[in-house]
Amino acid sequence: MHFIDTWIALDLGDIARLLWPVALLVLATFAPGGRVARFVAIGLAIAMPFMKELGTPWPITAGWVALWLAVAWVVGRTDRELAPPPRAHAGGLESGTVGLLLGLSLLLLLGAAIARQDLEPEAGRRSSYAVLVLCLGLVHLMLRRHVRRAAFAFAVLGLGLQILDGAARAAEIPGVPATNGAALLASAIAVSLVAKLGFVRERFAGSPWVGDAHDLHD
(Lines give C-alpha, C1' and ligand atoms only; values in the text may rest on other atoms or scores of the structure.)
Protein backbone atom coordinates (compact mmCIF):
# COMPACT_ATOMS: atom_id res chain seq x y z
CA MET A 1 0.00 0.00 0.00
CA HIS A 2 2.92 2.35 0.65
CA PHE A 3 3.95 2.03 -2.99
CA ILE A 4 0.44 2.86 -4.22
CA ASP A 5 0.22 5.81 -1.84
CA THR A 6 3.30 7.37 -3.43
CA TRP A 7 1.40 7.57 -6.71
CA ILE A 8 -1.89 8.71 -5.18
CA ALA A 9 -0.05 11.53 -3.43
CA LEU A 10 0.85 13.16 -6.77
CA ASP A 11 -1.07 16.26 -7.78
CA LEU A 12 -3.12 16.28 -10.98
CA GLY A 13 -0.47 18.24 -12.87
CA ASP A 14 2.22 15.62 -12.27
CA ILE A 15 -0.19 12.80 -13.04
CA ALA A 16 -1.11 14.40 -16.37
CA ARG A 17 2.56 15.05 -17.14
CA LEU A 18 3.44 11.39 -16.56
CA LEU A 19 0.38 9.94 -18.28
CA TRP A 20 0.86 11.95 -21.49
CA PRO A 21 3.96 10.04 -22.70
CA VAL A 22 2.45 6.71 -21.60
CA ALA A 23 -0.76 7.41 -23.51
CA LEU A 24 1.29 8.24 -26.61
CA LEU A 25 3.31 5.04 -26.27
CA VAL A 26 0.17 2.94 -25.91
CA LEU A 27 -1.26 4.60 -29.03
CA ALA A 28 1.90 3.86 -31.02
CA THR A 29 2.02 0.28 -29.75
CA PHE A 30 -1.49 -0.70 -30.80
CA ALA A 31 -2.15 1.62 -33.76
CA PRO A 32 -0.61 0.91 -37.18
CA GLY A 33 0.35 3.60 -39.65
CA GLY A 34 3.27 5.88 -40.29
CA ARG A 35 1.35 9.05 -39.53
CA VAL A 36 0.39 7.74 -36.09
CA ALA A 37 4.01 6.82 -35.34
CA ARG A 38 5.21 10.23 -36.49
CA PHE A 39 2.61 12.04 -34.38
CA VAL A 40 3.60 10.04 -31.30
CA ALA A 41 7.33 10.60 -31.84
CA ILE A 42 6.81 14.35 -32.19
CA GLY A 43 4.60 14.33 -29.09
CA LEU A 44 7.34 12.56 -27.15
CA ALA A 45 9.91 15.08 -28.37
CA ILE A 46 7.69 17.86 -26.98
CA ALA A 47 7.29 15.96 -23.69
CA MET A 48 11.02 15.40 -23.07
CA PRO A 49 11.80 18.82 -21.51
CA PHE A 50 8.98 18.28 -19.00
CA MET A 51 10.13 14.80 -17.90
CA LYS A 52 12.15 15.56 -14.82
CA GLU A 53 12.27 11.77 -14.27
CA LEU A 54 15.02 11.64 -16.88
CA GLY A 55 17.35 13.28 -14.37
CA THR A 56 19.53 14.64 -17.18
CA PRO A 57 21.17 18.04 -17.77
CA TRP A 58 19.71 20.13 -20.56
CA PRO A 59 22.19 19.04 -23.29
CA ILE A 60 21.21 15.39 -22.78
CA THR A 61 17.52 16.30 -22.67
CA ALA A 62 17.98 18.23 -25.91
CA GLY A 63 19.60 15.13 -27.34
CA TRP A 64 16.49 13.10 -26.52
CA VAL A 65 14.35 15.72 -28.24
CA ALA A 66 16.55 15.46 -31.34
CA LEU A 67 16.45 11.66 -31.24
CA TRP A 68 12.65 11.56 -31.15
CA LEU A 69 12.46 14.02 -34.04
CA ALA A 70 14.82 11.73 -35.97
CA VAL A 71 12.61 8.75 -35.12
CA ALA A 72 9.59 10.71 -36.38
CA TRP A 73 11.33 11.13 -39.73
CA VAL A 74 12.35 7.47 -39.90
CA VAL A 75 8.97 5.91 -39.11
CA GLY A 76 6.67 8.51 -40.60
CA ARG A 77 7.23 8.09 -44.31
CA THR A 78 3.65 7.23 -45.38
CA ASP A 79 0.76 5.19 -44.07
CA ARG A 80 0.98 3.00 -47.15
CA GLU A 81 4.54 1.96 -46.33
CA LEU A 82 3.70 1.12 -42.71
CA ALA A 83 0.24 -0.32 -43.33
CA PRO A 84 -0.30 -4.00 -42.56
CA PRO A 85 1.07 -6.31 -45.28
CA PRO A 86 -1.45 -7.53 -47.83
CA ARG A 87 -1.33 -11.10 -46.59
CA ALA A 88 -1.31 -12.10 -42.95
CA HIS A 89 1.19 -14.50 -41.42
CA ALA A 90 0.34 -16.78 -38.53
CA GLY A 91 3.67 -15.85 -36.97
CA GLY A 92 2.51 -12.27 -36.61
CA LEU A 93 -0.40 -13.26 -34.39
CA GLU A 94 1.83 -15.55 -32.36
CA SER A 95 4.56 -12.95 -31.84
CA GLY A 96 1.99 -10.29 -30.94
CA THR A 97 0.30 -12.53 -28.37
CA VAL A 98 3.63 -13.60 -26.88
CA GLY A 99 4.84 -10.00 -26.79
CA LEU A 100 1.71 -8.76 -25.07
CA LEU A 101 1.77 -11.53 -22.46
CA LEU A 102 5.51 -11.15 -21.91
CA GLY A 103 5.27 -7.39 -21.48
CA LEU A 104 2.37 -7.69 -19.05
CA SER A 105 4.16 -10.40 -17.06
CA LEU A 106 7.36 -8.37 -16.81
CA LEU A 107 5.42 -5.28 -15.78
CA LEU A 108 3.64 -7.14 -12.99
CA LEU A 109 6.75 -8.99 -11.77
CA LEU A 110 9.10 -6.01 -11.85
CA GLY A 111 6.43 -3.70 -10.42
CA ALA A 112 5.89 -6.09 -7.53
CA ALA A 113 9.65 -6.32 -6.97
CA ILE A 114 9.97 -2.54 -6.84
CA ALA A 115 7.00 -2.26 -4.49
CA ARG A 116 8.63 -4.71 -2.06
CA GLN A 117 11.89 -2.72 -1.90
CA ASP A 118 10.26 0.02 0.21
CA LEU A 119 12.12 2.73 -1.71
CA GLU A 120 11.77 6.42 -1.14
CA PRO A 121 8.60 7.72 -2.84
CA GLU A 122 10.45 9.53 -5.64
CA ALA A 123 12.77 6.60 -6.36
CA GLY A 124 9.88 4.13 -6.31
CA ARG A 125 7.83 6.21 -8.74
CA ARG A 126 10.74 6.71 -11.11
CA SER A 127 11.68 3.03 -11.08
CA SER A 128 8.14 1.80 -11.67
CA TYR A 129 7.65 4.40 -14.41
CA ALA A 130 10.85 3.22 -16.10
CA VAL A 131 9.67 -0.38 -15.96
CA LEU A 132 6.36 0.62 -17.56
CA VAL A 133 8.17 2.39 -20.41
CA LEU A 134 10.52 -0.57 -20.92
CA CYS A 135 7.62 -3.01 -21.10
CA LEU A 136 5.80 -0.84 -23.61
CA GLY A 137 8.94 -0.76 -25.74
CA LEU A 138 9.18 -4.55 -25.65
CA VAL A 139 5.52 -5.01 -26.58
CA HIS A 140 5.87 -2.46 -29.39
CA LEU A 141 8.86 -4.33 -30.78
CA MET A 142 6.91 -7.59 -31.01
CA LEU A 143 3.54 -6.21 -32.13
CA ARG A 144 4.65 -3.82 -34.86
CA ARG A 145 6.54 -6.09 -37.24
CA HIS A 146 7.84 -3.39 -39.61
CA VAL A 147 11.65 -3.12 -39.65
CA ARG A 148 11.78 0.68 -39.61
CA ARG A 149 9.10 0.78 -36.92
CA ALA A 150 11.53 -1.18 -34.73
CA ALA A 151 13.59 2.02 -34.51
CA PHE A 152 10.73 3.50 -32.49
CA ALA A 153 10.74 0.51 -30.12
CA PHE A 154 14.49 0.77 -29.49
CA ALA A 155 14.13 4.48 -28.74
CA VAL A 156 11.42 3.61 -26.19
CA LEU A 157 13.65 0.98 -24.59
CA GLY A 158 16.46 3.52 -24.37
CA LEU A 159 14.13 6.05 -22.81
CA GLY A 160 13.14 3.52 -20.15
CA LEU A 161 16.80 2.87 -19.37
CA GLN A 162 17.44 6.61 -19.11
CA ILE A 163 14.62 7.01 -16.59
CA LEU A 164 15.86 4.01 -14.64
CA ASP A 165 19.37 5.45 -14.63
CA GLY A 166 18.00 8.75 -13.34
CA ALA A 167 16.18 6.93 -10.55
CA ALA A 168 19.36 5.13 -9.54
CA ARG A 169 21.40 8.32 -9.45
CA ALA A 170 18.67 10.20 -7.59
CA ALA A 171 18.62 7.49 -4.93
CA GLU A 172 22.40 7.92 -4.52
CA ILE A 173 23.09 4.20 -4.67
CA PRO A 174 26.81 3.66 -3.95
CA GLY A 175 28.82 2.48 -6.91
CA VAL A 176 26.44 3.73 -9.61
CA PRO A 177 28.62 5.63 -12.12
CA ALA A 178 27.51 8.76 -13.91
CA THR A 179 26.48 7.73 -17.40
CA ASN A 180 26.85 11.12 -19.07
CA GLY A 181 24.40 10.27 -21.81
CA ALA A 182 25.29 6.60 -22.26
CA ALA A 183 21.63 5.61 -22.63
CA LEU A 184 21.07 8.35 -25.21
CA LEU A 185 24.16 7.34 -27.18
CA ALA A 186 23.23 3.66 -27.16
CA SER A 187 19.68 4.50 -28.24
CA ALA A 188 20.90 6.73 -31.07
CA ILE A 189 23.21 3.99 -32.34
CA ALA A 190 20.46 1.36 -32.17
CA VAL A 191 17.96 3.63 -33.94
CA SER A 192 20.51 4.46 -36.66
CA LEU A 193 21.37 0.82 -37.31
CA VAL A 194 17.74 -0.32 -37.39
CA ALA A 195 16.73 2.57 -39.64
CA LYS A 196 19.58 1.77 -42.05
CA LEU A 197 18.58 -1.90 -42.06
CA GLY A 198 14.98 -0.96 -42.76
CA PHE A 199 15.82 1.31 -45.69
CA VAL A 200 18.24 -1.21 -47.19
CA ARG A 201 15.75 -4.04 -46.87
CA GLU A 202 12.99 -2.00 -48.50
CA ARG A 203 15.28 -1.09 -51.38
CA PHE A 204 16.90 -4.44 -52.13
CA ALA A 205 14.61 -7.07 -50.62
CA GLY A 206 11.34 -5.45 -51.57
CA SER A 207 9.63 -6.03 -48.22
CA PRO A 208 10.15 -4.17 -44.93
CA TRP A 209 7.99 -6.63 -43.01
CA VAL A 210 9.58 -9.10 -40.61
CA GLY A 211 6.98 -11.73 -41.45
CA ASP A 212 8.11 -11.76 -45.07
CA ALA A 213 11.66 -12.81 -44.22
CA HIS A 214 11.04 -16.46 -44.99
CA ASP A 215 9.91 -15.52 -48.52
CA LEU A 216 13.19 -13.81 -49.40
CA HIS A 217 15.74 -15.76 -51.39
CA ASP A 218 19.35 -15.12 -52.42
Side-chain angles (χ1 to χ4, degrees), residues 3-4 6-76 99-100 103-104 106-108 110-111 114 121-144 149-170 179 181 183-188 190-191 194:
F3 174 74
I4 298 177
T6 62
W7 282 99
I8 297 177
L10 289 175
D11 58 44
L12 292 179
D14 283 331
I15 292 176
R17 179 178 58 81
L18 292 172
L19 286 182
W20 167 248
V22 172
L24 289 175
L25 291 176
V26 171
L27 175 63
T29 299
F30 293 99
R35 289 191 178 92
V36 172
R38 171 173 287 178
F39 166 78
V40 170
I42 293 175
L44 289 172
I46 296 173
M48 290 299 100
F50 303 99
M51 289 188 65
K52 64 180 183 179
E53 287 74 18
L54 292 175
T56 54
W58 72 263
I60 305 299
T61 303
W64 277 106
V65 173
L67 179 61
W68 280 114
L69 292 177
V71 170
W73 177 81
V74 169
V75 302
L100 190 59
L104 182 60
L106 285 176
L107 178 61
L108 293 176
L110 294 177
I114 293 172
E122 182 68 16
R125 281 195 299 265
R126 281 189 175 187
S127 300
S128 57
Y129 192 71
V131 167
L132 175 59
V133 173
L134 285 169
C135 291
L136 286 173
L138 176 62
V139 174
H140 188 285
L141 186 63
M142 300 190 72
L143 284 181
R144 307 262 63 89
R149 191 70 175 260
F152 187 102
F154 280 106
V156 176
L157 291 171
L159 179 63
L161 291 176
Q162 182 70 78
I163 298 173
L164 195 60
D165 175 74
R169 286 185 283 108
T179 56
L184 173 61
L185 178 60
S187 301
V191 168
V194 173

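Between Arg38 and Val75, the closest heavy-atom pair is N-CG2, 4.2 Å. Across all non-hydrogen atoms, the minimal contact from Val191 to Ala151 is CG2-O, 3.4 Å. Contact record, Ala153 with His140: CB-ND1, 3.6 Å, taken as the closest heavy-atom pair. Here the closest non-hydrogen pair linking Gln162 and Ala183 is OE1-CB, 3.7 Å. The two residues Gly166 and Arg126 come nearest to each other via the heavy atoms O-NH1, 3.0 Å. A pairwise comparison of heavy atoms in Leu24 and Val40 identifies O-CG1, 3.3 Å as the closest pair.
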Under 3.5 Å, sequence neighbours excluded: what are the donor-acceptor pairs made by side chains of residues 65-72?
none

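Rounding to the nearest 0.5 Å places CG of Leu159 at 15.0 Å from CZ of Phe154. How far CG of Leu141 is from CG of Leu157: 6.5 Å, rounded to the nearest 0.5 Å. Considering OH of Tyr129 and CG of Leu134, their distance stands at 11.5 Å, rounded to 0.5 Å.
Contact of the Val131 side chain with the Ser128 side chain is not registered, since no non-hydrogen atoms from C-beta on lie closer than 4.5 Å. Between Leu25 and Leu132 there is no side-chain heavy-atom pair separated by less than 4.5 Å.
Residue pairs meeting the salt bridge (charged side-chain N to carboxylate O under 4.0 Å, His left out) criterion with at least one member in residues 13-31, sequence neighbours excluded: Asp14-Arg17, Arg17-Glu53.
Taking Val26 as the reference, Val22, Phe30, Leu136 meet the side chain to side chain contact (heavy atoms under 4.5 Å, CB included) condition, with sequence neighbours excluded.
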